[in-house]
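Accompanying notes for the structure given below.
Quick note on labels: first sequence line is chain A, next is B, and so on, each numbered from 1.
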Number of protein chains: 2
Amino acid sequence: MQRTDSPETPGPPNREPIPEPPWWSSPRDAAERSRTPLTRDAIVEAALAVLGREGLDALSMRQVAAELGVGAASLYWHVSGKEHLLTLVLDRVIGEIPRPEPDPTRWQEQIRQFARDTRTAFQRYRGVARASMGRVPVGPNFLLVVEWQLSLFEQAGLPKRPAAWFGDLLALYVAAHALEDDVRAGETDDPGEIAAMLESYFATLPPERFPALTASAPNLMAGSPDDRFEFGLELILRGLEAMAERERAT
Amino acid sequence: MQRTDSPETPGPPNREPIPEPPWWSSPRDAAERSRTPLTRDAIVEAALAVLGREGLDALSMRQVAAELGVGAASLYWHVSGKEHLLTLVLDRVIGEIPRPEPDPTRWQEQIRQFARDTRTAFQRYRGVARASMGRVPVGPNFLLVVEWQLSLFEQAGLPKRPAAWFGDLLALYVAAHALEDDVRAGETDDPGEIAAMLESYFATLPPERFPALTASAPNLMAGSPDDRFEFGLELILRGLEAMAERERAT
DNA sequence: ACCTGAACACCGTTCAAGT
DNA sequence: ACCTGAACACCGTTCAAGT
């Protein structure tokens, strides 16, 4: 804002910003190193950025550090290791799942919507679904989700044991489906080709050795991912109903 | 067998086996390099050995090669890469699942037993369950299993689409459960400690913020892995029944 | 308290070269 | 046809050292 080339300025006019001596700034703070002082949250965010851009296989501590313009060793002050980082990332993504006020009169629809929202959250961050398999993300957001689910089931009057165990099953189902979504588009970087490959491969199989398979091939491949997701979702909900009934009978 | 120190042997008696000149044998063929000429099957077997001994994280092309007394580069003649090797390993394990003659009169029990057998096969080879997630193991054994399942469903009179889609769901369920089995015992190398840790952690949570969770904690942890496996298995079978009914109604 | 560089002990994969 | 050694471009993690 201040004009330095006014007539009263002595000496020769100079419009250029005066260059700083190079040793005033470290070699890499300009674009790379954000001046924020490297918090755990910033590391998680950087991991999500790498994940979205390059996928899970490319997610290394070194890449995350590079994303922040920092040495890899620096991360270890804030995070105990890669395993810990992945847990934090997972919990961060779980935090994006909406948890509406439980309404026992329509608990089934709320669970359906919760499942869809969870799938959507995973779809936003490619690779996280795979990272979630075999990892219990005991973080604050995970706990909130469990609490939400259990209280919904409780208010809906479901028996305790089936309710508690169903949560695991649902999480598993959604995560596995999200993983399939990832595989289909992105992680193996061939969009819908894989289905076509499978279908044409099935077509080459000898029908006398694989009668049922070759006959069912259209059914196996039929339906959009969404259709299949909804089918499985409905299936496990009906199963839950049946198991709750059985429990009440005892 | 042949005694060389017999009296008629001329010269001084020599009981020591005559050492071969060192260049007669390459430096490493004695114990390491089996004289079998490195087939694809041998590589798969070596991978299973490493897997069982060290777990999935330690399964590297170099380790597998070392197991065979061979350079890592040699594997690439028989196998296109690590991804390919994992697919082969997976199909190999799937091959151990029994496929009894389909009996439509007791198809539900046959499916239940199939699920249990699949879990057992995974339990025999720690780490394979995790490797299976997100990988479609289109190998001969996988195809045989799919064929077996479809023909059983067909003979049982299940509608085609639910039958075809149910296979995926079941595979998913069993694999995810097997993965949990792995995590519980071995992969994270703490046997049943993890459950205790979780339970004591839950106990520290403030009941006013997590009323349902703290109240349900005993139910969440209750039951043996087998009980939980059977619960989920029964649940999805009941769900299948319901979905088949719905399909028949349309 | 927080971050660094350098090092350690590994990876998967390629490739010219050997037999 | 099958296997090798050496190299390339990476890994996760540790640790003494700096500020």
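Nucleic acid contact class of S60(A) (heavy atoms, under 4.0 Å, all strands): sugar-phosphate only.
Note on R209(B) versus E147(A): no salt bridge recorded, every NZ/NE/NH1/NH2 to OD/OE distance being 4.0 Å or above.
Rounded to the nearest Å, the gap between the C1' atom of dA9(C) and that of dC10(D) is 13 Å.
The nearest pair of heavy atoms linking A131(B) to L86(B) is CB-CD2, 4.3 Å.
One can place CG of L68(B) at 10 Å from P of dC3(D), the figure rounded to the nearest angstrom.
Between Q63(A) and dC10(D) there is no side-chain polar atom (N or O) within less than 4.0 angstrom of OP1 or OP2. Within the 4.0 Å cut-off from OP1 or OP2 of dC3(C), at least one side-chain nitrogen or oxygen of H78(A) is found. Between dC3(C) and W77(A), no contact under 4.0 Å exists linking OP1 or OP2 to a side-chain N or O.
Of the nucleotides present, none pairs with dC10(C) by Watson-Crick or G-U wobble criteria with both distances under 3.5 Å. When both distances must be under 3.5 Å, the Watson-Crick or G-U wobble mate of dC15(C) is dG5(D).
Map A72(A) and Y76(B) each onto its nearest nucleotide of DNA chain C; the residue landing nearer the 5' end is A72(A).
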Ring pair (Phe, Tyr, Trp, His ring centres under 6.0 Å) evaluation trace for F229(B) with Y173(B):
CA-CA 9 Å; F229(B) 181 74; Y173(B) 174 70; 5.7 Å; yes

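Note that R99(A) lies outside the cation-pi zone of F114(A), set by a 6.0 Å cut-off to the ring centre and a 45° limit from the axis.
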